[in-house]
Amino acid sequence: MISEQDWQDTQLLWDYQQMRHEPRPCSVGIGLGSHDLGVADTTVDLYRRGMMPLIVFTGATSRTTQDRMPRGEAEHYRDRALELGVPADVILVEPHARNTGQNITLSRALLEERGIDVSSVLLVSKPYEERRAYATARKLWPEVEFVSASTSMTLSEYVDSIQDARLVVDMLVGSLQRLLIYPEQGFMIAQEVTTETVQAYERLVFRGFTSRLIPETAGGAPGRRA
């Protein structure tokens with residue numbers, strides 16, 4: 001059961017992940033692969049609005065997507081974009097990335113291989129991973145300006161769209177954990193996290209929403225970063 005307190009804590013984590021950047025035209029849009037086809041839809045919408053001339057979809061499969069997207073997340077995103085009328089020649093596919101860091105480094109390598117000059121990137125992710133994606137990209141590709149974007153929706157709307165409330169809560173907890181511990185490991189830039197947000201995270205960990213935590217720390221919360 002997900003209690004009312006659990007939902008309040010999850011809302012805090014959801015709100016924290018929103019970067020609230022205003023989309024603007026960029027050199028390229030990068031859609032980060034996941035279980036959520038809404039990322040592809042939002043990338044297409046931004047392309048139609050003239051926010052980028054080129055799209056990169058990046059992602060292999062994960063334990064969450066291996067059954068529903070057996071050919072890889074990026075390939076399924078590409079299929080979705082083609083269904084929505086995006087020309088095939090403005091879509092690049094990076095099919096090997098298995099985490100957010102690889103999404104960035106392998107997309108960068110693909111663009112460099114194609115000789116595409118990049119000064120800014122519209123980074124499209126799930127709503128609850130905007131900040132994690134941004135912090136990772138800033139660390140791994142510091143000379144480029146990043147603008148974070150995702151589907152505009154409430155937590156309740158997102159849960160309804162995914163049809164798996166527990167998965168959404170677990171994913172939010174996992175994303176926050178990485179924001180807390182990855183800067184010290186060199187995987188992303190540090191982000192200010194309020195005590196209130198960390199306490200919400202710790203309560204959710206205590207309540208057992210731990211399936212997306214890094215295993216060695218799944219038994220307890222990492223050190224705070226205020």
Side-chain angles (χ1 to χ4, degrees), residues 13-14 16-17 19 28-40 42-43 55-78 92-113 118 121-142 144 146-151 158 162 164 167-191 193 201 205 209-218 221-222 225:
L13 270 57
W14 173 273
Y16 174 70
Q17 285 284 352
M19 299 292 293
V28 64
I30 298 180
L32 304 185
S34 73
H35 60 87
D36 182 3
L37 269 177
V39 174
T42 297
T43 305
I55 295 168
V56 176
F57 288 128
T58 168
T61 57
S62 68
R63 56 179 171 169
T64 307
T65 61
Q66 59 190 359
D67 292 331
R68 67 181 79 178
M69 298 180 182
R71 291 183 296 106
E73 297 153 4
E75 291 288 355
H76 284 266
Y77 277 20
R78 178 181 183 274
L92 297 178
V93 170
E94 185 297 294
H96 304 297
R98 295 188 178 277
N99 56 52
T100 307
Q102 290 179 1
N103 286 143
I104 303 304
T105 57
L106 295 180
S107 294
R108 177 182 183 176
L110 175 62
L111 290 163
E112 290 175 348
E113 179 184 306
V118 177
V121 172
L122 193 51
L123 200 60
V124 188
S125 64
K126 301 184 294 295
Y128 62 82
E129 287 210 335
E130 273 195 32
R131 190 176 294 273
R132 175 184 172 189
Y134 175 81
T136 302
R138 284 282 312 281
K139 179 68 177 183
L140 298 176
W141 203 353
V144 165
F146 287 93
V147 179
S148 271
S150 66
T151 306
Y158 191 76
I162 298 299
D164 190 337
L167 174 64
V168 172
V169 180
D170 281 350
M171 289 288 197
L172 273 158
V173 170
S175 290
L176 198 283
Q177 181 207 30
R178 286 155 178 79
L179 281 166
L180 292 169
I181 67 175
Y182 274 3
E184 293 179 358
Q185 298 177 22
F187 297 146
M188 61 174 65
I189 64 169
Q191 298 278 283
V193 187
Y201 160 80
V205 170
F209 296 96
T210 58
S211 74
R212 292 304 187 272
L213 291 185
I214 297 172
E216 55 264 36
T217 58
R225 186 183 304 278

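Of the possible donor and acceptor atoms, none in the side chain of E94 sits under 3.5 Å from a partner among the backbone N and O of V56. R78 places no side-chain N or O within 3.5 Å of a backbone atom of F57 that could act as its donor or acceptor partner. Distance alone, capped at 3.5 Å, places no donor-acceptor pair between the Y128 side chain and the V169 backbone. At least one donor-acceptor pair closer than 3.5 Å links the side chain of R108 to the backbone N or O of L140. E130 contributes a side-chain N or O that, together with a main-chain N or O of M19, makes up a donor-acceptor pair within less than 3.5 Å.
Side-chain contact between L111 and L92 is present, with at least one heavy-atom pair separated by less than 4.5 Å. Using a 4.5 Å heavy-atom threshold, the side chains of T43 and V39 count as touching. Side-chain atoms of Y201 and V173, non-hydrogen and from C-beta on, do get closer than 4.5 Å to each other. Within the 4.5 Å cutoff, side-chain heavy atoms of L167 are placed close to those of R212. No side-chain heavy atom of N103 sits under 4.5 Å from any side-chain heavy atom of R98. Using a 4.5 Å heavy-atom cutoff, the side chains of L172 and Y16 are not in contact. Contact annotation: the side chain of Y158 approaches that of K126 to within less than 4.5 Å [non-hydrogen atoms, C-beta and beyond].
Contact detail for T58 and S107: the closest heavy-atom pair is CB-OG, 3.4 Å. Between A190 and P183, the closest heavy-atom pair is CA-CG, 3.7 Å. Scanning both residues, A135 and L179, for their nearest heavy atoms gives CB-CD2, 4.1 Å.
A distance of 10.5 Å separates CG in L123 from OG in S150, rounded to the nearest 0.5 Å. Between the CD atom of E73 and the CG atom of L37 there is a distance of 10.0 Å, given to the nearest 0.5 Å. Note that CG of L176 is 10.0 Å distant from CG of L213, once rounded to the nearest 0.5 Å. Going from atom NE2 of H35 over to atom CD1 of I162 covers 5.0 Å, rounded to the nearest 0.5 Å. Taking CZ of R71 as the start and NE2 of H76 as the end, the distance is 4.5 Å to the nearest 0.5 Å. Note that CZ of R178 is 10.5 Å distant from CZ of F187, once rounded to the nearest 0.5 Å.
Judged by distance alone, the side chains of S175 and E129 do bring a donor and an acceptor atom under 3.5 Å apart.
Scanning for side-chain contact (heavy atoms from CB on, under 4.5 Å) contacts around N99 gives Q102, with sequence neighbours left out. Partners of T42 under the side-chain hydrogen bond (donor to acceptor under 3.5 Å, both in side chains) rule, at least two apart in sequence or in another chain, are T151.
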Derivation of the side chain to side chain contact (heavy atoms under 4.5 Å, CB included) call for I104 and K139
CA-CA 10 Å; I104 303 304; K139 179 68 177 183; over 6 Å; no
Residues I55, Y77; criterion side chain to side chain contact (heavy atoms under 4.5 Å, CB included); working and verdict
CA-CA 11 Å; I55 295 168; Y77 277 20; over 6 Å; no
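For the pair R138 and F146, the cation-pi test (distance below 6.0 Å, angle within 45°) is failed.
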